[in-house]
Amino acid sequence: MSKAAEIDIVSVSKIYGSTTAVHSISLKIPSGSYCCFLGPSGCGKTSTLRMIAGHESISSGDIRLGNIVVTDFPPAKRGTAMMFQSYALFPHLDLIDNVAFSLKMKGVEKEQRRAKALDMLKLMQMEPYANRRPAQLSGGQQQRVALARALITDPEALLLDEPLSALDPFLKIRMRAELKKLQKSLGITFVHVTHSQEEAMALADIIVIMNDGRIEQAAHPREVFERPATAFVARFMGDHNVLTGRVVASGDGKVTLEVPEGQTFTVAGPAQEPGAPIDIGVRTDRVRLATPAEKTLGFHGVVSNVEYRGASVKITVIGAGSDDFTVIATDADYFEKPVAVGDAVPLCWGLEDAVLLGRIAA
């Protein structure tokens, strides 16, 4: 296998007519890392992946692989390989010829390319099926063949466009583990587009969260989980509640905000301009159904929904300017003191369970 390449995206934009799909993004993806681009539909993540691959032209900016600027290179000259969401296997060819196809295009002679294709099928544990056609395979097997075909060119980076979206939930989890194992054993850079938070958290060394053509945060999964950079990340990842208000006091490493309903909340953070708009995130699993005490913060709200999830219970509360303030309680805690829709409840959390969220300039 080739060495892994660092991918450096420098002020890259993509404009379609009057629409800007990607707004001047810059990002370094370390060599040999597993990077997941995550975000809602239309956020620019697939356009970015296709620009790295060379399947989409860049409107402005540059992409560098290792030390080489590849902005104007065709896909075949970039040292990347792309695995498409549809797998795009040739129905009339057996698996060996499917996998060997790119080598055939490069003029590699038949015996050599078929031997290499067989090696790739062995790597994917698909050798027993080598003479079958794609229609005779399950979704998971087709995916392995598509991976083998992408990897036969010895790419420095493998680009994956929602590779697990067509699989059933159990197979998704199994293939997730296989992708991670494959990336570690090959040591090459994987760049994977997904709209699943769980998938990104399970796979990535670095998660890049995009919204409206911009990068909201690029960080290790634990940092994204514990310290979301913006209100969008906090909401999208689903593990923080967001309270929005204006700064009423700041100093001594703390900031106090007031929400439109009049309650005030404090968060650790640098001094802010009085009256400035501000967002804070509060960990959903750290909120307790208890009256705020001396060293805690909180408010009273009304329960709007209760969802039993087995090991945990999700309770949604209206209050403090939020329609969906979420509490994740353990099943033991919840059933010891259950609440129902319509109940008025006290909520509290510690200062350390809240984080000051940044804002991205439009």
Side-chain angles (χ1 to χ4, degrees), residues 6-30 33-65 69-71 80 85 157 159-162 189-201 203-244 269-270 272 276-281 355-362:
E6 176 185 82
I7 299 171
D8 196 2
I9 299 169
V10 187
S11 303
V12 164
S13 294
K14 180 64 190 176
I15 299 162
Y16 299 95
S18 59
T19 305
T20 303
V22 177
H23 293 262
S24 192
I25 63 169
S26 293
L27 175 74
K28 269 191 169 71
I29 301 172
S33 63
Y34 202 126
C35 171
C36 280
F37 276 82
L38 176 65
S41 296
C43 71
K45 58 190 188 294
T46 297
S47 292
T48 302
L49 190 78
R50 290 177 64 81
M51 285 190 287
I52 297 170
H55 294 299
E56 200 79 72
S57 63
I58 295 170
S59 302
S60 62
D62 278 312
I63 289 179
R64 192 180 285 121
L65 249 87
V69 176
V70 297
T71 309
T80 60
Q85 190 175 350
L159 313 175
L160 304 116
D161 183 13
E162 304 223 13
T189 310
F190 274 36
V191 184
H192 174 135
V193 160
T194 179
H195 57 260
S196 163
Q197 295 90 335
E198 186 187 337
E199 200 172 290
M201 293 290 281
L203 284 167
D205 305 312
I206 175 171
I207 293 180
V208 181
I209 299 173
M210 289 189 72
N211 177 38
D212 201 20
R214 294 178 173 86
I215 293 173
E216 297 262 343
Q217 187 168 13
H220 185 275
R222 189 173 182 198
E223 189 176 338
V224 170
F225 178 80
E226 298 201 340
R227 301 202 70 79
T230 64
F232 175 82
V233 175
R235 287 193 179 101
F236 187 76
M237 295 307 290
D239 43 59
H240 280 75
N241 295 295
V242 176
L243 293 174
T244 298
Q272 305 285 317
I278 188 174
D279 303 307
I280 68 166
V355 58
L356 181 63
L357 302 169
R359 290 187 167 216
I360 285 186

Note to self: Give me the atom names and distance for the closest heavy-atom approach of Val242 to Ala234.
What the structure shows: CG2-CB, 3.7 Å
Next item on the list: Might you point out which heavy atoms bring Pro40 and Met210 nearest each other, and give the distance in Å?
Entry: CD-O, 3.6 Å
Item checked: Phe236 side chain near Asn211 side chain, heavy-atom distance below 4.5 Å -> no
Next item on the list: Quickly, which of Leu159, Leu49, Ile7, Val191 forms a side chain to side chain contact (heavy atoms under 4.5 Å, CB included) with Thr80? Name it, please.
Entry: Leu159
Checklist line | Between CE on residue Met237 and CD on residue Glu198, distance to nearest 0.5 Å | finding: 10.5 Å
Item checked: Inter-residue atom distance Thr194.OG1 - Met201.CE, 0.5 Å rounding -> 12.5 Å
Checklist line | Matching residue for His192 among Glu199, Glu162, Lys45 - test: side-chain hydrogen bond (donor to acceptor under 3.5 Å, both in side chains) | finding: Glu199
Notebook entry, point to check: Looking only at heavy atoms, which two atoms of Ile206 and Ser33 are closest? And how far apart?
Noted result: CG2-OG, 4.4 Å
Checklist line | Sub-4.5 Å side-chain heavy-atom contact between Leu243 and Asn241 | finding: no
Checklist line | Residue pair Leu357 / Thr230, side-chain heavy-atom distance below 4.5 Å | finding: no
Notebook entry, point to check: So Phe225 and His240, would you call those rings parallel, tilted or perpendicular, with 30° and 60° as cut-offs?
Noted result: perpendicular
Margin query: With rounding to the nearest 0.5 angstrom, report the CD to SG distance, Gln197 to Cys36.
Written below: 11.5 Å
Notebook entry, point to check: Looking at CG of Leu65 and CD1 of Ile52, how far apart are the two atoms once the value is rounded to the nearest 0.5 Å?
Noted result: 8.0 Å
Item checked: Nearest heavy atoms of Ala218 and Leu27, plus distance in Å -> CB-CD1, 3.7 Å
Item checked: Where Ala200 and Leu38 come nearest, the two heavy atoms and their spacing -> CB-CD2, 4.0 Å
Next item on the list: Look only at the side chain of Thr71 and the backbone of Ile63, and say whether a donor-acceptor pair between them is shorter than 3.5 Å.
Entry: yes
Next item on the list: Hey, could you give me the CD/CZ distance between Glu216 and Arg359, rounded to the nearest 0.5 Å?
Entry: 11.5 Å
Notebook entry, point to check: Considering only heavy atoms from C-beta outward, does the side chain of Glu56 approach that of Thr46 to under 4.5 Å?
Noted result: no
Check: Considering only heavy atoms from C-beta outward, does the side chain of Ser57 approach that of Lys14 to under 4.5 Å?
Finding: yes
Margin query: A quick test of your reading: do over 12 heavy atoms of other residues, nucleotides or ligands sit less than 6.0 Å from CZ of Arg64?
Written below: no
Margin query: Please check: side-chain N/O of Gln272 versus main-chain N/O of Pro270, any donor-acceptor pairing under 3.5 Å?
Written below: yes
Item checked: Between CZ on residue Arg222 and CD1 on residue Ile207, distance to nearest 0.5 Å -> 13.5 Å
Checklist line | Heavy-atom closest contact (Pro228 atom, Val233 atom, distance) | finding: CB-CG1, 3.7 Å
Notebook entry, point to check: Got Ile360 and Phe232 here, is their nearest side-chain heavy-atom distance under 4.5 Å?
Noted result: no
Notebook entry, point to check: Would you say Asp205's side chain and Tyr34's backbone share a donor-acceptor pair under 3.5 angstrom?
Noted result: yes
